[in-house]
Amino acid sequence: MTMAANDRKLTAPMVTPETQPYWDAAGQGRLLVKRCDDCGAHHHYPREHCPFCFSARTQWREACGRGTIYSYSVMRRAEVPYVIAYVSLEEGPTMMTNIVDCDPDRLRIGQAVKLTFRPTEGGPPLPMFTPQ
């Protein structure tokens, strides 16, 4: 059974001034992560200060859109079943997301995935991933 995010309604995310560039990029089909100018680490979810060294010297960088499944769970008892997952991006950070357009019984930890976006109700699209 293939699950697609198009089968369920997605609530629009809360956009704040701090995350506005992230969601604007999502509307253009791009995934942004923050990179710290002081320690060099990338981080996600977007925030003003680096969670590793607490520096305020961070910049937006476009992620390549590739990663691997770190962990996942199939939510079969939901009205429309879906896969929630942590995906480790090639840039380093791990983000919570959904895996879509897949057979959940064939997913594996460490499996390569690529970025896709799904529309929300009245807001910017959400970044999700699909197996490569």
Side-chain angles (χ1 to χ4, degrees):
M1 170 175 105
T2 299
M3 293 182 177
N6 297 342
D7 297 335
R8 35 174 250 208
K9 294 181 191 308
L10 300 171
T11 304
M14 185 169 74
V15 178
T16 65
E18 187 176 25
T19 62
Q20 186 72 53
Y22 176 84
W23 295 115
D24 289 346
Q28 299 166 3
R30 300 181 306 123
L31 176 65
L32 297 184
V33 294
K34 283 282 197 127
R35 182 183 182 280
C36 178
D37 289 339
D38 288 332
C39 73
H42 289 87
H43 61 271
H44 182 84
Y45 191 81
R47 63 202 90 161
E48 188 174 331
H49 289 83
C50 174
F52 304 106
C53 73
F54 308 110
S55 170
R57 294 178 6 103
T58 61
Q59 295 183 40
W60 293 105
R61 298 289 171 103
E62 186 170 355
C64 70
R66 293 183 304 271
T68 57
I69 297 173
Y70 176 80
S71 179
Y72 71 96
S73 183
V74 181
M75 311 308 279
R76 296 183 195 276
R77 296 182 74 176
E79 186 174 322
V80 177
Y82 62 97
V83 177
I84 190 165
Y86 282 104
V87 168
S88 296
L89 302 175
E90 281 190 9
E91 292 76 14
T94 298
M95 65 182 285
M96 183 181 279
T97 186
N98 291 148
I99 308 294
V100 297
D101 301 331
C102 66
D103 178 349
D105 295 325
R106 300 191 71 178
L107 292 176
R108 299 291 176 258
I109 292 180
Q111 184 173 358
V113 290
K114 63 183 177 181
L115 180 67
T116 187
F117 286 89
R118 293 297 188 261
T120 63
E121 293 185 322
L126 293 175
M128 297 187 181
F129 289 82
T130 186
Q132 287 188 339

- Query: Any side-chain donor paired with an acceptor under 3.5 Å for T120 and R118?
  - Reply: no

- Message: I'd like to know whether W60 forms a side-chain contact (heavy atoms from CB on, under 4.5 Å) with K34, so could you lay out the CA-CA distance, the side-chain angles of the two residues, the decisive distance to 0.1 Å, and finally the verdict.
- Response: CA-CA 5 Å; W60 293 105; K34 283 282 197 127; 3.4 Å; yes

- Report the distance from atom CG of L126 to atom OG1 of T116, rounding to the nearest 0.5 Å. 11.0 Å

- Residue Y86 excluded, over 12 heavy atoms near OH under 6.0 Å: no

- Task: Indicate, with yes or no, if the rings of H42 and F52 have centres closer together than 6.0 Å.
- Result: no

- Message: Is it true that, when you exclude E18 itself, more than 12 heavy atoms of the residues, nucleotides or ligands shown sit nearer than 6.0 Å to its CD?
- Response: yes

- Task: Measure from the side-chain N and O atoms of E91 to the backbone N and O of C64, and report whether any donor-acceptor pair falls under 3.5 Å.
- Result: yes

- Query: Does the side-chain contact (heavy atoms from CB on, under 4.5 Å) test come out yes or no for V100 and V83, once each step is laid out?
  - Reply: CA-CA 7 Å; V100 297; V83 177; over 6 Å; no

- Note on the structure: Nearest heavy-atom contact between Y82 and A78 is CE2-CB, 3.8 Å

- Between V33 and H43, which heavy-atom pair has the shortest distance, and what is it? CB-O, 3.8 Å

- Query: Can T19 and Y45 be said to form a side-chain contact (heavy atoms from CB on, under 4.5 Å), step by step?
  - Reply: CA-CA 9 Å; T19 62; Y45 191 81; 3.8 Å; yes

- Message: Please report the interatomic distance CZ(R35) to CZ(R57), rounded to the nearest 0.5 Å.
- Response: 10.0 Å

- When you check the gap from the basic side-chain N to the acidic O, do D105 and R76 get nearer than 4.0 Å? yes

- Is the backbone N or O of R108 less than 3.5 Å from a side-chain atom of Q111, with the two atoms forming a donor-acceptor pair by type? yes

- Item | Verdict with reasoning, T94 to S88, per side-chain hydrogen bond (donor to acceptor under 3.5 Å, both in side chains) | CA-CA 4 Å; T94 298; S88 296; 3.0 Å; yes

- Closest non-hydrogen contact found for P119 with L10 is O-CD1, 3.5 Å

- Message: Quick one about Q20 and D24 (side-chain donor to acceptor, distance below 3.5 Å, no hydrogens or angles considered), yes or no?
- Response: yes

- Are any of the side-chain heavy atoms of D37 and Q59 separated by less than 4.5 Å? yes

- Derivation and outcome, side-chain contact (heavy atoms from CB on, under 4.5 Å), residues S55 and C39: CA-CA 8 Å; S55 170; C39 73; over 6 Å; no

- To the nearest 0.5 Å, tell me how far T16 OG1 sits from Y22 OH. 12.0 Å

- Message: So N98 and R8, do their side chains get closer than 4.5 Å, heavy atoms only?
- Response: yes

- Query: Pick one: which of T130, V87, L89, L31 meets side-chain contact (heavy atoms from CB on, under 4.5 Å) with L115?
  - Reply: L31

- Over all heavy atoms of both residues, which pair between A12 and G122 is shortest? Give the atoms and the distance, please. CB-C, 4.1 Å

- Query: Has the side chain of T58 got a donor or acceptor atom that lies under 3.5 Å from a matching backbone atom of H49?
  - Reply: no

- Does C50 reach the side chain of D38, with side-chain heavy atoms less than 4.5 Å apart? no

- Of the non-hydrogen atoms in T97 and P127, which two are nearest, and what is the gap between them? OG1-O, 3.0 Å

- Could you check if a side-chain atom of P46 sits within less than 4.5 angstrom of a side-chain atom of L32, using non-hydrogen atoms only? no

- Item | Note, C102 side chain near L107 side chain (heavy atom, < 4.5 Å) | yes

- Minimal heavy-atom distance between M95 and H44, with the atoms involved, is CB-CD2, 3.2 Å

- Any donor-acceptor N/O pair, Y72 side chain to I109 backbone, under 3.5 Å: no

- Message: Rounded at 0.5 Å granularity, tell me how far OG in S73 sits from CD1 in I99.
- Response: 12.0 Å

